Amino acid sequence: MAKSLSLLFTSFLFLLLSAGNAQNPDVIRIPDILGYQTITFDPHLHTVFSDGLVWPTIRVEEAWSEGIDAISLTEHIEYRPFQRDVVVNDHNRAYDVARPAAERRDVLLIRGNEITRSMPPGHFNALFHDDSNKLVVTEWRDAFRAARDQGAFMLWNHPGWNNQQPGPAQWHDEHTWLLENDMLHGIEVINGLLPNYYSPEAHQWSLDYGLAIMGSSDAHNPMGMDIDFAAGERRAMTLVFAEERSVKAIKEAMMNQRTAAYFDNLIAGREEHLMALFQESFEIESVTRNRHSFSAVLRNHSDIPIKLTGKPGANETVEFFQRLTVPPLGSTEIYISDLNQENIEEITIDLIVENFLSRPGQGMPVRLTFRPD
Ligand SMILES: [Zn+2]
Ligand SMILES: [Zn+2]
């Protein structure tokens, strides 16, 4: 009897342990750049403490299993439809509930809230403040002041959300007021929940007004309901180029616009960051020459595919692929011919990296030179 009981206990323990290990953490391979660490951060998530459909600790487990470094549970201050079932008047509670799980999983948890007002000014995330309850005020300007006075980073969410404002996203006087009063520091250029998740208007404003370029999942469902992991998809996120993997360093990097938005094989950012990412990810190997034609292998060291096409109007004396994708962690062989039929030492082509948006809606120009090894 004792033996079978202990056997039962052992198998129960084994089941528990194997359940815990069933989901191995993923690793997101995106290179570090310019002496900074590339940190993955989802700054916009919901749980049952506002209108999301999961418990806060599940957001931590999801982030851990996907290899996300940092998350923020940005519960709506003004919209909490489950209040009848989750009776909590303390707006810090989602953070407090998630905190022990975040420590155990080494996921950086950043306090956040969504200040949820009609347009203008619309929805904004406050991040890095100390007390969410101070944001519970009547006037929208007072809510922003309360966040700013706690040193918050303020992020304009989904400026192009049709439900709030049909047609293209619009900049209002209220946004100028926020900018001038140190209450606007970043903008969602990518929101994973919107059908047209990339906003060229938001990208333009980020460049015009010095705002951090942000990407968010804005998930309300369990992540696996929205993202097809088996097909290799990932949630929308922000890449933060930080001095170290810490909450403090993430804030410093975001306040200094060292970010890029990433989702669905698309990356949007400032050219200096995207060019550095391209240079660290991309390599030309095994260049050989046969009179006026060259062959080479293009290699991609990152998880982001590299989609190349010829720059229109350039490359008139050379012939090469029309359009080509260097797959994640993979390589592709290419051939380039010089149409002048000359015996040349090297060959240069001008390309556009179509899925690296360094300008609103536009891929990033790059020049590649091929010289035999
Ligand atoms: Zn919102
Ligand atoms: Zn939201």
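Just so you know, ligand 1 is whichever comes first in the structure, and atom 1 is the first atom listed for that ligand. The model shown is predicted, which means the values in this text are computed figures rather than measured ones.
Judged as a ring pair (Phe, Tyr, Trp, His ring centres under 6.0 Å), the pairs with a partner in residues 214-253 (not counting sequence neighbours) are, in order, H46-H220, F241-H273. Applying the ring pair (Phe, Tyr, Trp, His ring centres under 6.0 Å) definition to pairs two or more places apart or across chains, those involving residues 278-310 are F278-F282.
Note on D106 versus R245: salt bridge recorded, some NZ/NE/NH1/NH2 to OD/OE distance being below 4.0 Å. A salt bridge between R148 and D182 is absent, with no side-chain N of the basic residue lying under 4.0 Å from a carboxylate O of the acidic one.
Applying the ring pair (Phe, Tyr, Trp, His ring centres under 6.0 Å) rule to W171 yields the partners W156, H175, W205, Y209; only residues at least two apart in sequence or on another chain are considered.
Under the 6.0 Å distance and 45° angle rule, R117 does not count as a cation-pi partner of W140.
Summary: NE2 is the N/O/S atom of H46 found nearest to the Zn ion (ligand 2).
Protein N/O/S atoms found under 2.8 Å from the Zn ion (ligand 1): E114 OE2, H123 ND1, H158 NE2.
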